[in-house]
K.L.:
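Right, I'll just put the structure down here and ask away after.
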Amino acid sequence: MHIKKNDLLPSTRWSIVYIVVIPIVVCIFASWNAYQRISEFEQAHYRVAKSTTEIVASEISKRIKERQRNLRVFAKREEKLLHDISRSPDNEALNKELNKKIKDSFPNYFAVSLADREGIPIIDDFDGFVGELCKEDLKLHAQGLPQPMRVHPNTQEYHIDIIVAWNRDDGKAKNETNGGLLFVSFVPDFLFRLLELSNAPRHELMLINHTIKNLIEVTESGTRIKLDRNDYLLTEDEKERILFSSPVENSAWDLVAFRDETLFSEYRIHIINFNLLLLGFFIFVSMLMVGLLLRIEKRRISAEETKEEMFSLFNHDLRAPLNSIFGFLEIFTTTDLCIKSPEKCKHLANRAFDNSLVMREIIDDILDVQKMDAGEMSFDFGEIEIISVIKDTVEMNESHAQMNNVKLLMLNDESVIYIKADERRIKQAITNLLSNAIKYSPENETVTVGIERKNTGVTISISDNGPGIEKDFQDQVFNKFAQSKSKLTRRVGGTGLGLAIVKHIIDAHKGKVTFKTDPNKGTTFIIKLDF
Ligand code: ATP
Ligand code: MG
């Protein structure tokens, strides 16, 4: 299969596809995982709420039954006293005795009273403790109907009532009072303490009256009157936060567990953030890998290009001088030209010599570029006097300038400037720049070399009055094998390696090489080197 040099390799293309697919797969997996974890979290809270409400609801009904049993035992034990009070309900001494005895048996009682068999209170309610709900409950009890436990509102205290029947069989006539109802009111502190203690973290327990729709009865902080709110019906938000609800036996209550407002949303945000982070990490790594792959590919493509340029170089620039050397040597060996016409022979030998110099320069450049690419170009840094080094270089290029009918002029204000550099490499860089300036200068023009001392180093400039470098090509001049397609400079020949080598040398000196160019004025290359 033929692969164009600018095409990505199929293996690279597939690797990129896999790398891009990985975050997509991770995204799908992360979403599924997030969904699973969120629903597991929510289910766990529902399960905790279910077991808590069931256990606490049964504990509440157990404790209420216990109080009823205790009160029944009390009524049985104090039958005579109850009987006496029901006969003379206004007897204060008897009432006091009853209150005292109740207090001894039920220290946290709130009020105690008696009713007849029909459930009508028989003790005067001076303190207003017996409210409408109490009377209703007494009647229900008297009729033998179930009296569901509920909170009784009262100006003094919201409370619950425990009612038991008492009966004294004293053998007297039936119409005489020998039975009735004893009822004791309690502040249900045991309920809210139980709710408070049984609460799971970030859950809230409440007793809700299911006969009056969604009326709050008891919370962890007390009966509903303790709450700081306008009404005691559950709001829509509270209804949404219900995790589980269990009925409390023999009462008007459901024990309801609520989650706190942010329990689920916080966890969802936490999981989503975690998954986004994970995804972000995978996307980042994928992008990094794609970037790396593309970089490697770019290098491969550039190596392909270099290879092709090399082949074309060998084909044109090396083959031509080699052919001419070959031709001259053939003449010398197959003819007697050198004996018959030594002058002509010397002239041809000189041309063969020039061609071999061209070949050597090209081969030197290729070897330098190869070393440059491998990072193996050698440098020998030392203290050098830059003005004399530049002077030497200008002199070395004098004959080349003369051959092209170009003058070389050196301008410098200072006489000695020392810098730290590799003399041989600096000469090589300046020679490359001079060679270009000479090459592209029109005949009889002057190439000027300037050196200036600056605060931190020196600036060397090489200016010519040539055709300039056209705009489109300016960002490529320092690239390997880069040669302008412009008609004005193309004719001059070369390999396009000179400026790449200059840049590499100056970079190795931690200096800077730039250029200014104008089609009407020519080109100036500027090298800045620090002391
Ligand atoms: P080599 O230096 O390898 O023999 P070259 O001179 O073509 O070949 P570079 O020195 O790298 O290669 O220069 C790259 C290209 O930049 C040149 O081909 C030319 O188009 C342009 N260029 C460089 N210097 C000048 C200049 N002084 N004036 C106009 N164009 C220039
Ligand atoms: Mg050049």
Side-chain angles (χ1 to χ4, degrees), residues 357-358 360-401 404 406 408-412 417-441 447-454 456-464 466 469 474 476-483 489 492 494-517 522-531:
L357 279 183
V358 169
R360 196 178 74 180
E361 268 172 29
I362 292 174
I363 289 166
D364 282 349
D365 277 357
I366 291 171
L367 292 177
D368 272 344
V369 165
Q370 191 267 332
K371 279 188 200 153
M372 230 166 75
D373 285 350
E376 286 169 358
M377 191 185 251
S378 60
F379 288 91
D380 181 15
F381 289 97
E383 198 80 355
I384 63 164
E385 202 286 287
I386 190 72
I387 296 183
S388 60
V389 170
I390 304 284
K391 250 185 207 157
D392 283 358
T393 319
V394 171
E395 273 166 26
M396 270 161 50
N397 284 276
E398 199 66 60
S399 61
H400 182 209
N404 286 270
V406 173
L408 293 184
L409 175 67
M410 189 169 156
L411 302 172
N412 56 298
I417 305 174
Y418 284 96
I419 62 164
K420 207 172 167 229
D422 179 334
E423 183 175 333
R424 187 171 68 90
R425 294 294 182 194
I426 292 292
K427 278 183 176 170
Q428 185 183 0
I430 303 290
T431 302
N432 283 356
L433 294 178
L434 278 175
S435 128
N436 285 349
I438 294 166
K439 216 165 32 167
Y440 300 116
S441 273
V447 168
T448 314
V449 181
I451 313 176
E452 266 185 88
R453 178 196 283 271
K454 296 272 155 126
T456 53
V458 286
T459 302
I460 306 155
S461 60
I462 292 122
S463 312
D464 63 57
I469 303 170
Q474 284 176 12
Q476 299 170 43
V477 283
F478 292 111
N479 292 352
K480 283 179 287 179
F481 300 108
Q483 285 188 300
T489 55
V492 197
T495 59
L497 294 174
L499 286 181
I501 295 171
V502 171
K503 181 153 175 30
H504 188 80
I505 291 173
I506 302 304
D507 284 350
H509 281 77
K510 301 206 166 43
K512 230 175 173 186
V513 53
T514 53
F515 63 90
K516 285 189 262 180
T517 184
T523 305
T524 300
F525 276 87
I526 302 149
I527 292 176
K528 285 183 183 154
L529 292 171
D530 287 343
F531 288 125

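Everything numeric here is computed off the predicted structure, so don't read it as measured data.
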K.L.:
Identify the heavy atoms of Gln476 and Ala482 that sit nearest to each other, and give their distance.
P.N.:
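For Gln476 versus Ala482, the nearest heavy atoms are O-CB, 3.2 Å.
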
K.L.:
Report the C-alpha separation of Ser378 and Arg424 in whole Å, then their side-chain angles, then the decisive distance to 0.1 Å, and conclude whether the side chain to side chain contact (heavy atoms under 4.5 Å, CB included) test is met.
P.N.:
CA-CA 10 Å; Ser378 60; Arg424 187 171 68 90; 4.0 Å; yes

K.L.:
Which heavy-atom pair separates Ala421 from Ile426 by the least distance, and what is that distance?
P.N.:
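Nearest heavy atoms, Ala421 then Ile426: CB-CG1, 3.9 Å.
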
K.L.:
Where is the tightest heavy-atom contact between Asp464 and Ala437, given as atom of each residue plus distance?
P.N.:
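Between these two residues, the closest heavy atoms are OD2-CA, 3.5 Å.
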
K.L.:
Looking only at non-hydrogen atoms, find the nearest pair between Phe379 and Ala508 and report the distance.
P.N.:
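Looks like CZ-CB, 3.4 Å.
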
K.L.:
With rounding to the nearest 0.5 angstrom, report the CZ to CD1 distance, Arg453 to Ile419.
P.N.:
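The CZ atom of Arg453 sits 11.0 Å away from the CD1 atom of Ile419.
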
K.L.:
Could you pull out the closest heavy-atom pair between Gly511 and Leu529, with the gap in Å?
P.N.:
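For Gly511 versus Leu529, the nearest heavy atoms are CA-CD2, 4.3 Å.
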
K.L.:
Using the side chain to side chain contact (heavy atoms under 4.5 Å, CB included) rule, take Ile501 and Met377 through it: C-alpha gap first, then chi angles, then the decisive distance, then the call.
P.N.:
CA-CA 10 Å; Ile501 295 171; Met377 191 185 251; 4.2 Å; yes

K.L.:
Looking only at atom types and distance, does a side-chain atom of Asn404 sit under 3.5 Å from a main-chain N or O of Val406, one as donor and one as acceptor?
P.N.:
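Not at all, since once roles are kept as given, no pair shorter than 3.5 Å links the two residues.
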
K.L.:
Would you give the length of the straight line joining atom OG1 of Thr456 to atom NZ of Lys528, rounded to the nearest 0.5 angstrom?
P.N.:
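Result: 9.0 Å between the selected atoms.
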
K.L.:
Report the residue from Leu433, Val477, Ile462, Ile526 that forms a side chain to side chain contact (heavy atoms under 4.5 Å, CB included) with Phe515.
P.N.:
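The passing option is Val477.
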
K.L.:
Tell me, with the steps shown, if Leu434 and His400 meet side chain to side chain contact (heavy atoms under 4.5 Å, CB included).
P.N.:
CA-CA 10 Å; Leu434 278 175; His400 182 209; over 6 Å; no

K.L.:
When you measure from the side chain of His504 to the backbone of Asp373, do you find a donor-acceptor pair of N or O atoms at a distance under 3.5 Å?
P.N.:
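Such a contact is absent between His504 side chain and Asp373 backbone.
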
K.L.:
Between Phe525 and Val513, which heavy-atom pair has the shortest distance, and what is it?
P.N.:
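That would be CD2-CG2, 4.4 Å.
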
K.L.:
Has the side chain of Thr517 got a donor or acceptor atom that lies under 3.5 Å from a matching backbone atom of Ile469?
P.N.:
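Yes, the answer is positive, given that a donor and an acceptor are paired below the 3.5 Å cut-off.
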
K.L.:
Look at atom NZ of Lys427 and say whether more than 12 heavy atoms of other residues, nucleotides or ligands are closer to it than 6.0 Å.
P.N.:
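More than 12 within 6.0 Å, yes.
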
K.L.:
Return the OG1 to CG distance between Thr393 and Asn432, rounded to the nearest 0.5 Å.
P.N.:
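Rounded to the nearest 0.5 Å, the OG1-CG separation comes out at 11.0 Å.
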
K.L.:
Do side-chain atoms of Arg425 reach the backbone of Asp380 as a donor and acceptor pair under 3.5 angstrom?
P.N.:
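Judged by distance alone, no pair lies under 3.5 Å.
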
K.L.:
Would you find a donor on one side and an acceptor on the other, under 3.5 Å apart, between the side chain of Glu385 and the backbone of Ile417?
P.N.:
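Yes; judged by distance alone, with no hydrogens or angles, the pair exists.
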
K.L.:
Would you mind telling me which of Ile460, Ile451, Asp392 makes a side chain to side chain contact (heavy atoms under 4.5 Å, CB included) with Ile387?
P.N.:
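Output: one option passes, namely Ile451.
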
K.L.:
Quick one: are Ile438 and Leu408 in side-chain contact, heavy atoms under 4.5 Å?
P.N.:
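Ile438 reaches Leu408 side chain to side chain.
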
K.L.:
Report the distance from atom CD of Glu423 to atom CD of Gln428, rounding to the nearest 0.5 Å.
P.N.:
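One gets 13.0 Å once the value is rounded to the nearest 0.5 Å.
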
K.L.:
Can you tell me how far CD1 of Ile527 sits from CD1 of Ile430, rounded to the nearest 0.5 angstrom?
P.N.:
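Ile430 atom CD1 to Ile527 atom CD1 measures 4.0 Å (nearest 0.5 Å).
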
K.L.:
When you look at OH of Tyr418, are more than 12 heavy atoms from neighbouring residues, nucleotides or ligands closer to it than 6.0 Å?
P.N.:
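Counting other residues, nucleotides and ligands, OH of Tyr418 stays at 12 neighbours or fewer.
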
K.L.:
Distance check, rounded to the nearest 0.5 Å: Asn412 atom CG versus Met410 atom CE?
P.N.:
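If I round to the nearest 0.5 Å, the distance is 4.5 Å.
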
